[in-house]
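In what follows, a single structure is set out as structure tokens and then discussed.
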Amino acid sequence: MIKENEQGILIVVSGPSGCGKSTLDQKLVERRNDTVISISDTTRSPRGDEVDGVDYNFISTEEFEQKIKDNKYLEYAIVHSNKYYGTPNEHIDEMLSKGKNIILEIDIEGARKINEKRPDAVFIFIMPPSMEILKKRLIGRKTETKEQIVERFKTAYKEINEVSKYNYVIVNDDIEESVLKMNSIIECEKCRVDRIEEVYLGNQEEMIHELLVDFDKENYKEKKES
């Protein structure tokens with residue numbers, strides 16, 4: 001009786017560096033074959049085992065700025081160390097039209113821009129269990145200098161103060177439990193009335209409806225004659 005909208009859901013995930021959002025996103029994608037992670041453009045260099053075209057599209061500053069002029073980004077920002085990050089419009093629209101839920105892992109400023117353009121998106125904030133644990137995670141990554149860690153900590157405090165702007169918040173103190181919560185959010189969103197394309201009656205339902213109408217007519221006729 002219900003025809004679901006085949007359009008995918010745009011899912012915006014934010015949270016401080018080190019909160020574990022990338023791990024959660026990846027595990028969610030492994031759990032669901034209808035969900036993918038958006039690949040952003042960036043002008044920063046790859047870290048560790050990051051692969052071009054898989055983790056990010058690593059492009060030059062000149063190419064990025066040309067795409068800005070051509071209005072190719074749903075959102076973009078200059079973040080740590082004056083590097084560009086941006087979400088390509090074309091990739092998002094293509095995935096959603098194919099019925100794929102697509103995850104955007106972006107900062108609070110990017111999320112704000114997405115909300116202005118795509119209020120139908122779902123916004124999830126990933127919170128660290130504590131700032132002490134966040135510090136340990138950042139140090140344990142061994143990918144940033146002390147100065148960069150301090151900068152990320154300042155940003156983390158700013159981001160956490162914006163949590164009220166999101167639809168959902170998940171405290172990531174247990175990875176599996178957090179993934180279950182993210183999965184439940186998607187399932188709930190798919191059940192929202194405003195995401196249903198239409199309600200219809202099939203042949204069997206229509207037949208039952210006609211029988212009920214005829215029955216009511218007969219009852220009314222009998223009561224009138226009596």
Sequence-distant partners of [X], side-chain hydrogen bond (donor to acceptor under 3.5 Å, both in side chains), two or more places apart:
X	result
Asn57	Asp41
Lys158	none
Thr61	none
Ser40	none

Atom [atom1] in [X], atom [atom2] in [Y]: separation rounded to 0.5 Å?
X	Y	atom1	atom2	value
Ile114	Asp120	CD1	CG	10.0 Å
Ile39	Leu104	CD1	CG	12.0 Å
Ile170	Ser184	CD1	OG	9.0 Å
Ile37	Asn101	CD1	CG	12.0 Å
Ser38	Asp25	OG	CG	11.0 Å
Asp34	Ile102	CG	CD1	12.0 Å

Would a 4.5 Å heavy-atom cut-off, applied to side chains only, mark [X] and [Y] as touching?
X	Y	value
Ile68	Tyr76	yes
Tyr85	Thr42	yes
Ile103	Val36	no

For [X], check salt bridge (charged side-chain N to carboxylate O under 4.0 Å, His left out) against everything at least two apart and list the hits.
X	answer
Glu177	Lys181
Asp52	none
Glu189	Arg192, Arg195
Arg44	Glu50

Without swapping roles, check the side chain of [X] against the backbone of [Y] for a donor-acceptor pair under 3.5 Å.
X	Y	answer
Asn172	Met127	no
Asp55	Val51	yes
Lys100	Asn33	yes
Lys21	Gly15	yes

Is the shortest side-chain N to carboxylate O distance from [X] to [Y] below 4.0 Å?
X	Y	value
Lys72	Asp70	no
Glu187	Arg32	yes
Arg31	Glu176	yes

Under 4.5 Å between side-chain heavy atoms, counting indirect links through other Ile/Leu/Val/Met/Phe/Trp/Tyr residues: same cluster for [X] and [Y] or not?
X	Y	value
Val169	Ile160	yes
Ile9	Leu28	yes
Ile106	Val29	no
Leu74	Leu96	yes
Ile124	Met95	no

If we ignore angles and hydrogens, is there a donor and acceptor under 3.5 Å between the side chains of Tyr84 and Glu65?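 Yes, side-chain donor-acceptor contact under 3.5 Å.
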Between Ser22 and Glu105, do the side chains contain an N or O donor and an N or O acceptor separated by less than 3.5 Å?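 Looking only at side-chain atoms, Glu105 and Ser22 do form a donor-acceptor pair, the distance falling under 3.5 Å.
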For Ile78 against Asn82, the heavy-atom pair lying closest together: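 Heavy atoms of Ile78 and Asn82 come nearest at CG2-CA, 3.5 Å.
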So which heavy atom on Ala121 is nearest to which on Asn167, and how close?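 Smallest heavy-atom distance, with atoms named: O-OD1, 3.9 Å.
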Only pairs at least two apart or in different chains count here, so list each ring-ring contact (aromatic ring centres under 6.0 Å, His included) that has a residue in [range].
range	result
residues 168-190	none
residues 34-53	none
residues 89-133	Phe125-Tyr166

The test is side-chain contact (heavy atoms from CB on, under 4.5 Å); show your working for Ile92 and Leu10 and say whether it passes. CA-CA 8 Å; Ile92 298 296; Leu10 182 58; 4.1 Å; yes
Give a yes or no on this: more than 12 heavy atoms of other residues, nucleotides or ligands lie within 6.0 Å of atom CD of Glu30.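 Counting other residues, nucleotides and ligands, CD of Glu30 exceeds 12 neighbours.
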Run the side-chain contact (heavy atoms from CB on, under 4.5 Å) check on Val122 and Val12 step by step: do they pass? CA-CA 6 Å; Val122 177; Val12 176; over 6 Å; no
For Arg112, what residues pass the side-chain contact (heavy atoms from CB on, under 4.5 Å) criterion, not counting sequence neighbours?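 Arg112 satisfies side-chain contact (heavy atoms from CB on, under 4.5 Å) with Glu109, Glu116, Glu162 only.
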